[in-house]
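The sequence lines fix the lettering, A, B, ..., with proteins before strands; numbering per chain opens at 1.
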Number of protein chains: 2
Amino acid sequence: MSSEELAAAAGVNSAKLRKDLSHLGSYGTRGVGYDVAYLLHQIRRELGLTQHWPIVIVGIGNLGHALANYRGFAERGFRTAALVDADPGKVGEEVGGLRIRPLAELPSIVREQDAAIGVIATPAAAAQAVADALVAAGIRSILNFAPAALVVPEGVSVRKVDLAVEMQILTYYEQRKAALDEVTSAG
Amino acid sequence: MSSEELAAAAGVNSAKLRKDLSHLGSYGTRGVGYDVAYLLHQIRRELGLTQHWPIVIVGIGNLGHALANYRGFAERGFRTAALVDADPGKVGEEVGGLRIRPLAELPSIVREQDAAIGVIATPAAAAQAVADALVAAGIRSILNFAPAALVVPEGVSVRKVDLAVEMQILTYYEQRKAALDEVTSAG
DNA sequence: GCGTGTGAAAACCTTCACAGCT
DNA sequence: AGCTGTGAAGGTTTTCACACGC
């Protein structure tokens, strides 16, 4: 398959796609294109998608529930190793085949399961304390769904997903579209 | 508050923060800093966060459930106007105080509720068909949680949130950290 | 004196365009 | 002939650094 076709499928410029792929090495054939299966294998290897990563979800509210039951993770190389909640009323409850465990067990969970990623699905007010607990337990990668800016030590990676912000970005464009419509119909 | 303090809180460079704010106008005072309350008001106005936006959630599985019950939206100016699912078995069921409605009702929902954003929380296989239905119903902004690249007409905005990709980015860094550790301990 | 607002410089990213391999 | 891989060009974003107003 040519870079032109791959780029069209991905919605990007073909030169960009070729340059990006060139960072992995020369896996294309001039005059022919790319062997998609081989390319996928190389990309997976480079991105570390060939191994399975155990994750710990903290905060089993609505979002935590959804994440615990989400099939997409397993399909993409992630295994939900444990569920944790600070609420003693929730501890012991079973969600998606896993028993909810207390925050205090984080260190042993991380050790036993060799957990690589902590997912924070708590309210914003609890997020920093949970992040501190995850880091203390040995976690070095955090995916944060709480609308809070986390402070973590050097060497710990944090990614934040803020659902409301995603929508706000859409409404910003929506507003601009509306303003543009007005100008257009007036002019 | 100075740009230095605001930048530290946001985790960015102070010059960048000042330049970004300057696009909204001159809301700071030289030698003093910014009036945070006034600044927030100006930012909210510019970003269109002063009005409430009705949203429609399509696909009431685990994620759809979580989104329907998520409090964070209301706090940030979004109102869940309707829940929609293609599964006749789910239609009529009540989630978060709203009755699930069939896909066929999308046009009337969008008209009656003046819905601005469609949220796709379906499996990947259904995502394009749902997007087409949303666009046909008059929606011009889509937030897509399905791991699928949507094709939409000019003038329709799409944002994609892929939870597995977020984790893959973390594991990529994790892998690089591990490789670096090896080199360091070997050298 | 202090901190904003902003030209200019530096860094970074994307696209062009074509030499070179199949 | 056709498509990759990549220098060079063009564009955008980030940072620097300082004139200017409080």
In a check of side-chain hydrogen bond (donor to acceptor under 3.5 Å, both in side chains) between B:Ser157 and each of A:Lys177, A:Glu174, A:Arg176, which one passes?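 Checked A:Lys177, A:Glu174, A:Arg176 against B:Ser157; only one passes side-chain hydrogen bond (donor to acceptor under 3.5 Å, both in side chains): A:Lys177.
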
I need the [atom1]-[atom2] distance between [X] and [N], as an integer number of Å.
X: A:His23; N: D:dT6; atom1: NE2; atom2: P; result: 10 Å
X: B:Glu5; N: C:dC2; atom1: CD; atom2: P; result: 14 Å
X: A:Leu17; N: C:dC16; atom1: CG; atom2: P; result: 14 Å
X: B:Leu39; N: C:dT4; atom1: CG; atom2: C1'; result: 12 Å
X: B:Leu21; N: C:dT6; atom1: CG; atom2: P; result: 12 Å
X: A:Tyr38; N: D:dT4; atom1: OH; atom2: C1'; result: 15 Å
X: B:Asp20; N: C:dT4; atom1: CG; atom2: C1'; result: 14 Å
X: B:Arg18; N: D:dC18; atom1: CZ; atom2: P; result: 13 Å

Please determine if a side-chain N or O atom of [X] lies less than 4.0 Å away from the OP1 or OP2 oxygen of [N].
X: A:Ser3; N: D:dT4; value: yes
X: A:Ser26; N: D:dG5; value: yes
X: A:Tyr34; N: D:dG5; value: yes
X: A:Lys16; N: C:dT14; value: yes

Side-chain H-bond candidate by donor/acceptor type, A:Gln42 with A:Tyr38, under 3.5 Å: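 Present: a donor and an acceptor within the cut-off.
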
State, without any angle test, whether B:Glu5 and B:Ser2 hold a side-chain donor-acceptor pair at a distance under 3.5 Å.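 Side chains of B:Glu5 and B:Ser2: pair found under 3.5 Å.
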
Examine distances only and state if a side-chain atom of A:Glu4 and a backbone atom of A:Ser14 form a donor-acceptor pair shorter than 3.5 Å.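 No, A:Glu4 side chain to A:Ser14 backbone: no donor-acceptor pair under 3.5 Å.
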
Within a strict 4.5 Å, meaning less than it, do heavy atoms of the A:Leu163 and B:Phe145 side chains meet?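 The answer is yes; the side chains approach within 4.5 Å.
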
Taking the side chain of [X] as heavy atoms from C-beta outward, which of [options] is closest to it?
X: B:Thr29; options: D:dC22, C:dT4, C:dT6; result: D:dC22
X: A:Asn13; options: D:dT15, C:dC16, D:dG5; result: C:dC16
X: A:Ser22; options: D:dT4, D:dT6, C:dT14; result: D:dT6
X: A:Ser2; options: D:dA17, C:dT15, D:dT4; result: D:dT4

Between the base of C:dC2 and the side chain of B:Arg30, is there a donor-acceptor distance below 3.5 Å?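 Donor-acceptor pair under 3.5 Å: no.
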
No-H, no-angle donor-acceptor pair, A:Lys19 side chain to C:dT14 base, under 3.5 Å: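 Result: no qualifying N/O pair found.
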
